[in-house]
Amino acid sequence: MSHAQPPAAGHDWWRSAVIYQVYIRSFADGDGDGIGDLTGLRERLPYLAGLGVDAIWLNPWYTSPMADGGYDVADYRDIDPAFGTLDDAQAMIEEAHDLGLRVVIDIVPNHTSDRHAWFRQAVAEGPGSPARARYHFRDGKGTDGELPPNNWRSVFGGGAWTRVTEPDGTPGQWYLHLFAPEQPDLNWDNKEVRAEFESILRFWFDRGVDGVRIDVAHALDKDPGLPDLGPSDIEGIGSAADADHPHWDREGVHEIFRGWRAVADSYPEQRAFVAEAWTGAPERLARYVRPDELHTAFNFDYLTAPWRGDRLREAIDTSLAALGSVGAPATWVLSNHDVARHVSRYGRPQPDGPVRSLSELATDVPFDLELGTRRARAAALLTLALPGGAYVYQGEELGLWEVEDLPDALLQDPTWERSGHTDRGRDGCRVPLPWSGVSAPFGYSPGGARAQPWLPQPAAWRELTEEAQRGADGSMLELYRAALRIRAEHPALGDGAMTWDSGTDSAVLSFTRAPGLRCVVNLSPDLVVLPEHSGVILASGPLESGLLPGDTAVWLAL
Ligand code: GLC
């Protein structure tokens with residue numbers, strides 16, 4: 001494989017990398033069916049290289065019935081026809097490498113699709129079969145097994161068990177699914193399951209993939225007794241208990257990941273993992289990135305922090321301390337495909353506690369786009385100045401906001417149905433990107449496309465297209481391009497240490513990165529005097545007579 005080699009000069013590339021998240025379904029549609037695909041992505045790779053990121057992470061691209069946007073995988077070794085073919089994937093990896101971009105894919109080990117060959121076999125072969133032992137099948141409770149085996153809850157709403165009909169037509173056993181019923185949980189105590197995933201990792205590493213994001217990494221190990229949840233355990237995915245929860249963040253996951261690390265380390269070029277692990281405390285997260293386990297983990301404390309100096313500083317300090325204690329770099333992320341876009345989170349009065357969805361914010365106050373955008377610009381400079389790696393979710397570089405008025409009939413996130421239409425789910429951050437032109441589909445689909453984008457784009461995104469922002473002074477896109485260019489060149493940025501400056505408080509965050517760079521973020525509404533500096537490297541908005549306005553950040557030269 002000629003171009004399967006990753007870009008050169010990559011020792012520990014994952015410690016500093018800026019990784020751009022491609023939600024492939026919504027990135028660019030090459031064949032005009034309204035669904036983003038590999039052809040569309042390949043056409044836009046030069047854009048990503050020009051933006052200045054180091055790598056791309058793609059959400060699942062495997063064969064899938066799409067009950068949960070591809071997180072229900074039917075075949076881990078093939079590409080869904082809506083996205084392309086295995087040859088397209090190989091070509092994309094090679095083209096990305098030629099442009100200096102590394103490629104990270106998403107692996108979903110907690111559950112398969114209910115259409116996966118293993119699950120079909122498990123249903124067909126009946127109770128007690130080896131095929132059922134790969135999943136969590138149990139007899140029900142009650143006189144006729146009509147009640148679920150325990151009280152576990154699905155993250156998407158409702159119970160976590162579904163009953164099957166046995167091959168002889170009688171009502172049968174129940175299977176566990178911590179997510180949708182179409183996503184049966186695998187049994188990680190089963191040797192075949194373990195061997196299969198190590199083989200899948202090799203399959204993709206052999207094709208040149210540089211890294212793997214691990215979906216719900218904290219869920220794989222279950223208490224074998226499957227005990228009922230106690231009152232304090234019944235919480236959502238973002239609030240895992242600190243220890244001894246029957247299915248979140250259990251000790252057994254670590255041995256699995258030590259095995260995965262050995263697979264990655266058997267390759268001459270560095271392959272890196274990033275864990276999606278929602279743990280109760282940064283110290284618990286740090287356990288996933290000990291030297292013989294995974295390389296990095298997403299920083300959800302930072303992502304969910306409200307736009308408040310005290311909360312951001314706390315997230316920064318606790319993350320750096322916990323991860324530093326095991327020698328792992330931090331990563332920083334503001335948005336992804338599971339949370340409301342940060343322009344929309346920040347454009348409202350900020351609460352004390354964490355925020356993932358807009359329902360956690362005051363609903364009686366209208367969304368302030370100007371404020372949210374201003375804060376998002378400042379947040380970009382804060383994020384890209386912190387020590388470690390960073391993630392950019394597609395469209396944040398264009399300043400996209402959460403689409404809050406999608407018609408009910410078009411909602412696709414299983415959360416909408418499973419919550420009995422009380423939670424609108426995550427579609428609002430997954431709307432297809434606007435690239436060019438003045439009306440939908442804004443260049444997302446080619447001219448003469450036979451279908452509309454799978455979710456409708458707001459007409460107002462006319463002003464946020466890549467084309468409209470390219471070269472435009474003061475655009476979000478040009479801010480990201482400048483920040484990424486400086487970050488790639490400046491010796492102080494990326495991995496390393498930071499020192500808080502004296503005078504930092506909850507209104508003004510100010511820190512120094514050696515050599516010679518200071519980042520100051522004004523979270524108050526008032527103008528503040530800049531600390532000592534020899535020049536301005538980059539600012540998220542204009543200074544006023546040398547003073548830093550509210551919700552503005554600046555990189556200073558020392
Ligand atoms: C992760 C994914 C999310 C998905 C879930 C189940 O949280 O990020 O999109 O729905 O896992 O696979």
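Atoms within each ligand, like the ligands themselves, are counted from 1 in listed order. Values in this document were obtained by computation on a predicted structure and should not be read as measured data.
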Short N/O distance, under 3.5 Å, between W278 and ligand 1?
-> no
Of all the heavy atoms in F156, does at least one lie under 4.0 Å from an atom in ligand 1?
-> yes
Centroid separation Y346 to W307 less than 6.0 Å | yes
Under 4.0 Å from a heavy atom of R213: give me the atoms of ligand 1 that qualify, with their elements.
-> 2 (C), 8 (O)
Aromatic centroids of W14 and F273 separated by under 6.0 Å = no
Give a yes or no on whether the ring-centroid distance for Y391 and Y20 is below 6.0 angstrom.
-> no
Run the numbers for me: atoms of ligand 1, each under 4.0 Å from some heavy atom of R430, listed by number.
-> 9 (O)
Counting from 1, what ligand 1 atoms have a heavy atom of R426 closer than 4.0 Å?
-> 3 (C), 4 (C), 9 (O), 10 (O)
Would you mind listing which atoms of ligand 1 come within a distance below 4.0 Å of any non-hydrogen atom of H337?
-> 2 (C), 3 (C), 8 (O), 9 (O)
Fit a plane to each ring of F257 and Y288, take the angle between them on a 0 to 90° scale, and name the class: parallel (under 30°), tilted (30 to 60°) or perpendicular (over 60°).
-> tilted
Test Y302 against W332 for ring pair (Phe, Tyr, Trp, His ring centres under 6.0 Å), laying out the working first.
-> CA-CA 7 Å; Y302 183 73; W332 310 99; 5.1 Å; yes
Sub-4.0 Å atoms of ligand 1 with respect to non-hydrogen atoms of H111 = 6 (C), 12 (O)
May I ask you to check whether W416 and H421 place their ring centers less than 6.0 Å from one another?
-> yes
Return the option from L178, D215, D413 holding the heavy atom at the smallest distance from atom 12 (O) of ligand 1.
-> D215
